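Within every chain, numbering begins at 1; the chains are lettered A, B, ... in the order of the sequence lines, protein sequences first and strands thereafter. Being a predicted model, the structure only gives us computed values, none of them experimental.
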Amino acid sequence: MDVSSIIEPLNDAQRLAVSAPDQAVLVLAGAGSGKTRVLVHRIAWHIKINQVSPYHILAVTFTNKAANEMRSRIEDLLQIPARSMWIGTFHGLAHRLLRQHAKDAQLPDNFQVMDSDDQLRVVKRLLKSMNIDDNKWPPKQVQWFINAQKEEGIRARHMADDGDFYQRQMLAIYRSYEDFCQRSGLVDFAELLLRAHEVLRDNPELLTFYRQRFQHVLVDEFQDTNTIQYAWLRLLTEGFNNLFVVGDDDQSIYGWRGAKIENLFAFQKHYPDHQVIRLEQNYRSTGHILKAANTLIAHNDARMGKQLWTDSGDGEAISLYAAFNEQDEAWFVVEKIRQWIADGGLRSEAAILYRSNAQSRQFEERLMTAAIPYRVYGGLRFFERMEVKNALAYLRLASHHDDDPSFERVVNTPTRGIGAKTLDDMRLLARDNALSLWQAAEHMLIHSMLTPRAANALSGFLNLIRQLGQDTSSLPLHETVKHVVERSGLIELYQKEKQDKGETRVENLEELVNAARLFDPDLIDENNLGELDLFLNHAALEAGDMQAEADQDCVQLMTLHSAKGLEFKLVFMVGMEDGLFPSQQSLDDASRLQEERRLCYVGITRAREQLYLTHAESRRLYGKDNYPRPSRFLRELPVESCQEIRLRAQVNRPLTRMKPDAGTVAQTGRYRIGQAVRHEKFGDGVVLQTEGAGDQEKVQINFRRVGIKWLMLAYARLDAV
DNA sequence: GGTAAACACCTTTTT
DNA sequence: GGTGTTTACC
């Protein structure tokens with residue numbers, strides 16, 4: 001391999017980072033400045049130039065996607081398999097650590113990973129068993145509380161009862177949740193991190209071993225780390241000067257789920273010998289787009305400071321469009337996309353970005369009528385689908401009879417006559433005698449504690465599960481899955497379901513068999529875990545993409561959050577209105593508002609060539625008409641990089657005068673914004689805004705034929721249509 | 001046990 | 001207003 005390819009393709013700042021001496025390094029990587037490239041080349045530098053064995057390298061990301069990309073790019077660059085290198089997500093690596101040291105972590109060898117849906121079910125069951133009213137104590141909130149504690153590294157036993165009623169109750173729930181999980185060998189996502197931290201902290205030999213092993217630790221998206229993740233990194237690296245982190249404070253958009261932007265500042269304190277390197281040259285966007293991004297984000301304070309620049313020209317100005325309402329907004333966007341395609345643009349190069357998922361509908365409808373293929377991101381992923389989770393539960397139960405959540409899930413799916421009464425008795429027995437549901441069921445059967453009918457149904461179920469376990473113990477993985485899916489009655493159940501839904505469910509089950517066939521247990525089997533167990537954990541840890549859908553050329557619809565890390569030639573940021581974006585809940589909180597601003601910054605920097613920002617003057621929300629102000633972020637953009645456009649009539653309204661009072665005035669007048677009206681002479685039009693009252697009341701109307709006009713209501717002959 | 005009516009909800013999401 | 005979930009009833 002030509003060693004020069006490691007350094008040559010880089011710019012000066014990137015070179016500085018890649019070749020930095022062995023010390024703590026913080027790379028502040030602006031959007032589109034080549035941060036993944038720096039990580040990949042830094043690893044290549046260690047291996048090829050410094051002769052570090054891949055065995056001594058640890059690289060951490062947040063998503064499986066990022067981890068996979070990093071691995072394959074390293075392999076491409078170095079032309080060697082990166083197998084012995086630990087590259088993965090925080091959760092994936094924590095899981096791996098716990099598997100290898102289950103004893104030290106005080107976990108059973110066959111502990112199972114729960115996803116958040118499983119976790120929520122456990123919480124619900126727990127509340128019921130503790131006789132806690134789940135209206136007063138919403139399971140979601142309880143789940144949130146537990147995860148928040150764990151992410152701060154706090155166990156129930158660490159929490160003092162400060163006399164607060166709310167806290168006392170939560171504490172009690174947290175405690176029994178921990179007990180239950182420990183007893184059942186269940187580990188939720190936050191627990192993976194917390195336990196991985198504890199197992200190193202509490203086992204000095206282990207810690208020493210891993211500190212010696214991981215001579216170089218690299219972290220992607222460092223601004224998204226939470227308390228426990230950072231604590232884990234510190235444990236491994238503090239005092240060794242071998243931590244290399246890449247991040248961007250301006251792209252921190254996950255504070256609401258525990259990410260600590262402060263970790264960036266903490267890093268500088270904890271690693272005094274660190275070096276900071278800024279990547280500010282952007283290879284993605286035009287000058288106008290970068291200028292907008294820079295100007296916007298400058299409104300935030302406590303930044304580490306960064307200015308993006310490009311040497312590839314200004315490009316087109318950013319376009320602002322004020323739509324009459326959300327339908328007009330969708331119409332406009334789709335019209336522009338139609339033109340883009342007609343001009344030879346790829347559909348997949350166009351993206352519609354919104355703040356909340358609910359906004360996608362208008363655009364979907366219009367795209368549908370325009371017969372433009374599109375793809376909406378978000379929603380349930382493959383391994384999260386009900387039918388898939390049911391099948392997995394059968395698989396789990398067949399190999400671990402004591403898995404209560406799985407038992408609950410499928411004991412009566414498909415229905416087999418095991419009713420609520422039988423189950424309640426079973427739960428009670430299980431609880432009082434510290435048995436699993438399976439054991440309780442056996443007990444009830446042996447001691448004839450059930451009516452003949454219930455006993456019959458229940459023993460039928462137990463036999464089915466036992467049989468499945470026996471049938472499949474010697475089959476290859478995908479045969480096992482196939483067998484279980486068929487014999488469990490799930491296929492049959494979904495075949496009966498109403499056409500559309502049932503059909504895709506059956507297809508998903510078939511896809512599951514396929515996924516099992518393709519499954520390659522890439523965790524080297526250091527611990528004699530069966531293929532099935534590896535598959536089940538893989539399913540929990542890597543929920544997979546949406547569907548295996550063919551990636552045809554589609555317009556991309558997604559939230560601003562899920563757009564992070566992506567780029568498109570043509571970007572629409574829609575719903576730029578106060579209350580929507582920034583969202584209502586963030587409007588009166590300075591720090592949340594700053595996070596929204598960073599989200600806006602993320603959105604803007606997704607665009608490579610053309611950026612459209614749209615807002616509606618009237619929007620139906622939750623069945624009510626709203627007249628929102630244009631987003632404050634629009635006013636924070638540089639005027640010289642923006643142009644306003646009106647399709648139906650050309651009007652120039654300076655940015656600074658973008659109807660600050662539309663909201664209040666419009667509601668008091670006789671005419672509503674967006675209302676259709678007819679004028680004797682000018683014909684049909686739509687009300688844009690109103691001003692004044694009584695004799696002085698004026699209305700601005702956009703007439704289809706003659707464009708925009710102000711009319712005095714007292715004189716104008718207007719009719720509502 | 002399966003369907004319809006009533007009811008609550010309504011940022012953002014990965015693991 | 002639209003969706004997903006619980007409840008009521010057959």
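Residue Ser586(A) is classed as a base contact, given a heavy-atom separation below 4.0 Å to a base. Residue Asp224(A) is out of contact with every strand shown, counting any heavy-atom pair closer than 4.0 Å. If you check every strand for non-hydrogen atoms under 4.0 Å, Gln584(A) touches nothing. Using a 4.0 Å heavy-atom distance criterion, Gly417(A) is classed as a sugar-phosphate-only contact.
For dT12(B) and dT5(C), the P atoms lie 15 Å apart once the distance is rounded to whole Å. Using atom C1' as the reference point in both dT14(B) and dT3(C), the two lie 24 Å apart (nearest Å). For the P atoms, the distance linking dT13(B) with dG4(C) amounts to 16 Å, nearest Å.
The residue among Glu384(A) and Ser356(A) whose nearest nucleotide of DNA chain B lies closer to the 5′ end is Ser356(A). Nearest-nucleotide mapping onto DNA chain B: of Ile418(A) and Tyr622(A), the residue sitting toward the 5' end is Ile418(A).
In this structure, Asp115(A) places its CG atom 12 Å from P of dT15(B), rounding to the nearest Å. Regarding Asp589(A), its CG atom lies at a distance of 16 Å from the P atom of dT11(B), rounded to whole Å. Atom CD of Glu364(A) is separated from atom P of dG2(C) by 13 Å (rounded to the nearest Å). Following rounding to the nearest Å, Leu621(A) (CG) and dC9(B) (C1') show an atom-to-atom distance of 13 Å. Whole-Å rounding puts the His91(A) NE2 to dT14(B) P distance at 12 Å. Taking atom CD of residue Glu596(A) and atom P of nucleotide dT11(B), one finds them 11 Å apart after rounding to whole Å. Protein atom CD of Gln143(A) is 12 Å distant from nucleotide atom C1' of dT15(B), rounded to whole Å. Taking atom CD of residue Gln119(A) and atom P of nucleotide dT14(B), one finds them 16 Å apart after rounding to whole Å.
Contact annotation: Arg381(A) reaches the phosphate of dT15(B) (side-chain N/O to OP1 or OP2, under 4.0 Å). At dT14(B), none of the side-chain N or O atoms of Asn64(A) fall inside 4.0 Å of OP1 or OP2 (strictly under the cut-off). Considering only side-chain N and O atoms, Thr559(A) lies nowhere under 4.0 angstrom from the phosphate OP1 or OP2 of dT11(B). Residue Arg355(A) places no side-chain N or O under 4.0 Å from the OP1 or OP2 atom of dT12(B). Of the side-chain N and O atoms in Asn357(A), one or more sit less than 4.0 angstrom from OP1 or OP2 of dT12(B).
Phe62(A) does not qualify as a stacking partner of the dT15(B) base, lacking a centre-to-centre distance under 5.5 Å together with planes within 30°.
In this model, a side-chain donor or acceptor of Ser116(A) finds a partner on the base of dT15(B) within 3.5 Å. A donor-acceptor contact under 3.5 Å is formed by the side chain of Arg592(A) with the base of dT11(B).
For Thr415(A), the side-chain atoms get nearest to dG1(B) when compared with the rest of dG1(B), dT14(B), dT11(B). Looking at the side chain of Gln585(A), the nearest of the listed nucleotides dT14(B), dT11(B), dG2(C) is dT11(B). Distances were taken from every side-chain heavy atom of Arg620(A) (C-beta onward) to each of dG1(B), dG1(C), dT11(B); the shortest belongs to dG1(C). Distances were taken from every side-chain heavy atom of Arg361(A) (C-beta onward) to each of dG1(B), dT3(C), dT15(B); the shortest belongs to dT3(C). Nearest to the side chain of His561(A), among dT15(B), dT11(B), dT12(B), sits dT12(B). Residue Tyr254(A) has its side chain nearest to dT13(B) when only dT13(B), dG1(B), dT15(B) are considered.
Annotation: cation-pi pair Arg257(A)/Tyr254(A) present, NZ/CZ under 6.0 Å from the ring centroid and within 45° of its normal. Within the cation-pi definition used here (under 6.0 Å to the ring centroid, within 45° of the axis), Arg361(A) does not qualify as a partner of Phe363(A). Annotation: cation-pi geometry not satisfied between Arg409(A) and Tyr394(A) (NZ/CZ under 6.0 angstrom from ring centroid, within 45° of ring axis). Judged by a 6.0 Å distance limit and a 45° cone about the ring axis, Arg96(A) is positioned over the six-membered ring of Trp86(A).
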query: Nucleotide by nucleotide, 5' to 3', does protein get under 4.0 Å of the base (B), only the sugar-phosphate (S), or neither (-) in nucleotides 4-10 of chain C, counting heavy atoms?
result: -------
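Within a 6.0 Å sphere centred on CZ of Arg201(A), other residues, nucleotides and ligands contribute more than 12 heavy atoms.
Note: Phe222(A) and Tyr230(A) meet the aromatic proximity criterion, with ring centroids under 6.0 Å apart. In summary, the aromatic rings of Tyr177(A) and Phe145(A) are positioned with their centroids too far apart to meet the 6.0 Å limit.
Looking at Arg629(A), its side chain never comes within 3.5 Å of a backbone N or O of Asp578(A) through a donor-acceptor pair.
When only modelled atom types and interatomic distance are considered, Gln223(A) and Asp249(A) share no side-chain donor-acceptor pair under 3.5 Å.
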task: Could you please spell out the steps behind the side-chain hydrogen bond (donor to acceptor under 3.5 Å, both in side chains) verdict for Asn390(A) and Thr413(A)?
output: CA-CA 8 Å; Asn390(A) 285 341; Thr413(A) 328; 5.2 Å; no
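Glycosidic torsion of dT12(B) falls outside 90° of 0, placing the base in anti.
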